[in-house]
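One-based numbering, in listed order, for ligands and for the atoms of each.
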Amino acid sequence: MPTPPGESGTEHKSDSTPTNALPINELFYSLQGEGRLAGVPSVFVRTSGCNLRCWFCDSYHTSWEPTHAWQSVDDVVAEIAGHDADHVVLTGGEPLIHDASVDLLDRLDALDYHVTVETNGTIYRDAPIDLASVSPKLASSTPTPERPPAGVDASDGPDAADVETTADTEPSPDAVAAWTERHEADRIDLDALATLVETYDTQLKFVVTDESDLDEITDLLQNLRARATTPIPNGDVLLMPEGTTRDALDEHRNRVAQLALTHGFRYTPRLHVDLWDDAAGR
Ligand SMILES: C[S@@+](CC[C@H](N)C(=O)[O-])C[C@H]1O[C@@H](n2cnc3c(N)ncnc32)[C@H](O)[C@@H]1O
Ligand SMILES: Nc1nc2[nH]cc(C(=O)O)c2c(=O)[nH]1
Ligand code: SF4
Ligand SMILES: [Mg+2]
């Protein structure tokens, strides 16, 4: 069943769950596909559970239908060390909803890993983060009955033919409607964004669905620049095409690249999708 509003989906630990543990959806070795470190071999740690519900979420099984096994931080560190890599990417779901993410980050810092945290920018935590890869969520990410999660068979939706069924269950219309409100209320927290930008080396990575997203990006940057005490150069602003398949990116990437050129922002590919399409664990 989908996680109701107010829950991240990972609250229920069993008695045997280690106290210092994370709900791990997957851990894999791949090339960083997004952002300024695209192409760098990295170990990815994907925690489960999210405080938002983007309709397009490419990690449906960490948000709409969270699945995971609880693993101690010790075990996660040991599994990372089993790969020959000096870069780690902590992602999710939303990794910063979990207290134990800070323990993991402390451990990786002591071992001298370069760690990128992929976050939606609604939560600030004080932790050793080498690159905060912040992806604030625009209005076009909000799920609605007409724009239900992309992991679900949207046979009633306008783009039904384009939506793949990847889940064996789907959120009810009521659950989607409840998340419309909660997602819209929570998706932007200017204080959290400003503190992240001030504290960490940060890239702002916006998922672009169409041209109308650019007005919101420009407004948000103006507000954030007014609030933050450190500068936010356009070079730290990256536009990323929405799409979980090579075919979807083929349709969108040139338009998004052109928008980056027009506005003086950077463009980031989704290298893993270009290389491996929608394969799991890449
Ligand atoms: C699954 S999220 C996990 C981290 C965090 N919750 C966040 O949203 O930044 C990882 C990255 O994938 C991006 N993403 C998710 N679904 C996408 C899609 N359909 N197309 C393009 N980017 C997507 C997010 O914006 C984020 O940059
Ligand atoms: N190769 C690869 N690069 C990525 N960069 C960010 C990812 C994410 O899901 O957060 C991701 C991912 O899932 N795979
Ligand atoms: S914030 Fe990230 S993990 Fe959460 S639903 Fe959106 S893309 Fe998925
Ligand atoms: Mg991904």
Side-chain angles (χ1 to χ4, degrees), residues 2-3 8-10 25-66 85 87-98 101 116-123 131-138 140-143 147 149-151 162-164 166 171 179 182-184 186-189 192-193 196 202-209 213 238-246 248-249 251-253 256 268-282:
T3 308
S8 71
T10 58
N25 174 265
E26 58 179 351
L27 189 155
F28 58 95
Y29 176 63
S30 187
L31 298 178
Q32 170 58 286
E34 305 168 8
R36 68 162 94 123
L37 294 178
V40 176
S42 307
V43 180
F44 289 79
V45 179
R46 191 182 306 285
T47 59
S48 196
C50 189
N51 58 335
L52 298 181
R53 290 294 184 278
C54 306
W55 69 267
F56 55 59
C57 183
D58 66 4
S59 302
Y60 182 88
H61 288 287
T62 68
S63 52
W64 290 96
E65 293 278 352
H87 281 67
V88 174
V89 181
L90 178 60
T91 184
E94 177 46 56
L96 296 183
I97 64 175
H98 306 294
S101 285
T116 299
V117 175
E118 304 279 350
T119 175
N120 60 31
T122 59
I123 297 163
L131 175 61
S133 180
V134 180
S135 184
K137 292 300 176 287
L138 305 174
S140 60
S141 71
T142 302
R147 208 167 48 196
D162 299 325
V163 178
E164 283 185 31
T166 60
W179 274 106
R182 182 177 159 86
H183 180 99
E184 192 50 37
D186 292 351
R187 65 186 174 80
I188 298 293
D189 181 328
L193 281 174
L196 285 163
T202 298
Q203 62 186 14
L204 293 172
K205 193 172 49 147
F206 291 98
V207 175
V208 176
T209 58
D213 290 332
L238 288 68
L239 305 188
M240 179 162 75
E242 192 279 322
T244 56
T245 63
R246 220 178 261 148
L249 291 183
E251 266 185 50
H252 300 144
R253 69 164 80 74
V256 175
T268 173
R270 286 174 51 80
L271 193 56
H272 50 312
V273 181
D274 292 338
L275 290 170
W276 300 298
D277 207 6
D278 53 358
R282 310 304 293 265

Counting each atom of ligand 1 from 1 as listed, which ones have a heavy atom of [X] under 4.0 Å away?
| X | answer |
| --- | --- |
| Pro241 | 21 (C) |
| Thr244 | 19 (N) |
| Phe56 | 16 (N), 17 (C), 18 (C), 19 (N) |
| Ser59 | 1 (C) |
| Glu94 | 5 (C), 6 (N) |

Judging by distance only, is a nitrogen or oxygen of [X] under 3.5 angstrom from one on ligand 2?
| X | answer |
| --- | --- |
| Gly92 | no |
| Leu31 | yes |
| Asp58 | no |
| Ser59 | no |
| Arg282 | yes |

Query raised in the report: Counting heavy atoms only, which of Val208, Asn51, Asp58 comes nearest to atom 1 (C) of ligand 1?
Result: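 Answer by nearest heavy atom: Asp58.
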
Query raised in the report: Of Glu242, Arg270, Glu118, which has the heavy atom at the shortest distance from atom 23 (C) of ligand 1?
Result: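 Result: the heavy atom closest to atom 23 (C) of ligand 1 is in Arg270.
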
So, is [X] polar-close to ligand 1, with some N/O to N/O distance under 3.5 Å?
| X | result |
| --- | --- |
| Cys57 | no |
| Gly243 | yes |
| Ser133 | no |

Query raised in the report: Just heavy atoms, cut-off under 4.0 Å: does Cys54 contact ligand 3 by side chain, backbone, both, or neither?
Result: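 Both the backbone and the side chain of Cys54 come within reach of ligand 3.
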
Query raised in the report: Does Arg46 come within less than 4.0 Å of ligand 2, judged by its heavy atoms?
Result: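 In this structure, Arg46 qualifies as a contact of ligand 2 - some heavy atom is under 4.0 Å.
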
